[in-house]
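Okay, so here's the structure we're looking at.
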Amino acid sequence: MRAPEIFETERLRLRPVKRSDAGDIYQYTSGVAETRFMPFQRHQDIGDSLEFAERCEACWVAGSAFPWAVTERMSERFMGVLELRLSPPKADFGYIFAEAFWGNGFATEATSAVVGWTIAQPSIMRVWATCHPGNIASAAVLRRTGLSHEATLSNWEARPQLEELAGPSACYALVKSPPR
């Protein structure tokens, strides 16, 4: 199962991440605010971001994950990354946006497009995502996207910037009834 390479919404265009995005990726993955709740170490130099972009390209080739660069549709300005992992009967996703694009509904618009396509697939019964319980803005995006809070998972994932070796995660999901 493969996800579409391109999604277009009213304001956004999602396309596969490529190596040439490394500079834009570094702009937010080196930021304190953007990476506070993330499960990866803040990028220390452009090489870290290039390595991430190369991993994204390899994921598309292998079909193991589908990381999109989220860009403004008209200007093509890079805003962040949204990644979907398909593992029927479920799929999960995660996202990160540059702080300059927070509070404008861009994350909700991007996640809604991807989640809508994903849950419409006959073999997908559940779409889920997690966020740190303290990340109120991300939790709001997940709810606006149509996911419901299911549980808070103890010792779920590391968050280096919070010095959490295995911190809690709030789990949100959109579930459809199985066919009869």
Side-chain angles (χ1 to χ4, degrees), residues 3 7-14 17 24-25 27-43 52 56 59 65-73 77-121 124-177:
F7 279 99
E8 287 194 348
T9 68
E10 182 180 337
R11 302 180 295 167
L12 305 175
R13 182 170 194 263
L14 283 68
V17 172
D24 289 321
I25 291 167
Q27 291 301 309
Y28 68 82
T29 56
S30 62
V32 172
E34 292 94 335
T35 61
R36 179 175 178 214
F37 294 114
M38 290 293 119
F40 60 81
Q41 186 69 43
R42 187 174 297 126
H43 288 192
F52 171 76
C56 290
C59 286
F66 304 96
W68 291 277
V70 180
T71 64
E72 278 186 317
R73 192 169 171 188
R77 189 165 52 156
F78 189 97
M79 304 169 116
V81 171
L82 189 158
E83 181 171 305
L84 175 69
R85 293 161 294 273
L86 296 167
S87 182
K90 61 191 176 296
D92 74 288
F93 68 96
Y95 55 90
I96 180 172
F97 280 74
E99 186 177 18
F101 302 105
W102 293 0
N104 295 297
F106 296 125
T108 301
E109 191 172 329
T111 57
S112 293
V114 171
V115 167
W117 174 86
T118 305
I119 201 68
Q121 303 310 300
I124 300 295
M125 299 290 127
R126 162 185 292 273
V127 180
W128 64 279
T130 62
C131 68
H132 188 279
N135 192 342
I136 305 304
S138 192
V141 166
L142 296 174
R143 286 191 305 274
R144 285 192 300 268
T145 301
L147 283 69
S148 298
H149 182 263
E150 286 191 322
T152 298
L153 308 169
S154 298
N155 301 326
W156 185 252
E157 62 189 343
R159 291 198 179 77
Q161 285 69 240
L162 296 178
E163 298 181 1
E164 291 179 348
L165 179 61
S169 284
C171 182
Y172 289 80
L174 175 61
V175 179
K176 66 183 177 187
S177 299

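Side chains included, hydrogens not; waters and symmetry mates left out as well; all remaining heavy atoms used.
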Would you compute the distance between atom [atom1] of [X] and atom [atom2] of [Y] and round it to the nearest 0.5 angstrom?
X	Y	atom1	atom2	answer
E72	L12	CD	CG	8.0 Å
I119	R126	CD1	CZ	9.0 Å
M125	L174	CE	CG	11.5 Å
R42	R36	CZ	CZ	10.5 Å
L14	E8	CG	CD	9.5 Å
E164	S169	CD	OG	8.5 Å

Open item on the list: T71 and side-chain contact (heavy atoms from CB on, under 4.5 Å): which single residue from R13, M79, R77 fits?
Closed with: R13
Over all atoms of both residues, closest heavy-atom pair of [X] and [Y]:
X	Y	result
N155	A166	OD1-O, 3.1 Å
V17	A69	CG2-N, 3.5 Å
A120	K176	C-NZ, 4.2 Å
C171	L153	CB-CD1, 3.9 Å
E83	A65	OE2-CB, 3.6 Å
A129	L147	N-CD2, 4.0 Å

Is there a side-chain contact between [X] and [Y] in this structure, where contact means two heavy atoms from C-beta onward sitting under 4.5 Å apart?
X	Y	result
V175	W128	no
L142	F93	yes
H149	P133	no
I25	F52	yes

- [ ] Return the orientation label for the Y28 and F78 ring planes: parallel under 30°, perpendicular over 60°, tilted otherwise.
- [x] parallel
Open item on the list: My understanding is that only residues two or more places apart in sequence, or in another chain, count here; which of them pass salt bridge (charged side-chain N to carboxylate O under 4.0 Å, His left out) with E99?
Closed with: none
TODO: Applying side-chain contact (heavy atoms from CB on, under 4.5 Å), name anything that partners A113, two or more places apart in sequence or on another chain.
DONE: F7, T9
Open item on the list: The criterion is side-chain contact (heavy atoms from CB on, under 4.5 Å); which residues satisfy it with T108, sequence neighbours excluded?
Closed with: S112, V141, R144, T145
- [ ] Could you go through the side-chain contact (heavy atoms from CB on, under 4.5 Å) check for F106 and V70 one step at a time?
- [x] CA-CA 9 Å; F106 296 125; V70 180; 5.8 Å; no
TODO: Would you mind checking if E109 and R73 are paired as a salt bridge, meaning a charged N to carboxylate O distance below 4.0 Å?
DONE: no
- [ ] Mind running side-chain contact (heavy atoms from CB on, under 4.5 Å) on E34 and W102 for me, showing each step along the way?
- [x] CA-CA 10 Å; E34 292 94 335; W102 293 0; 4.0 Å; yes
- [ ] Please say whether more than 12 non-hydrogen atoms of neighbouring residues, nucleotides or ligands are located less than 6.0 Å from CH2 in W117.
- [x] yes
- [ ] Please check if the side chain of R143 supplies one atom and the backbone of Y172 the other of a donor-acceptor pair under 3.5 Å.
- [x] no
Open item on the list: I'd like to know whether V114 forms a side-chain contact (heavy atoms from CB on, under 4.5 Å) with W68, so could you lay out the CA-CA distance, the side-chain angles of the two residues, the decisive distance to 0.1 Å, and finally the verdict.
Closed with: CA-CA 10 Å; V114 171; W68 291 277; 3.9 Å; yes
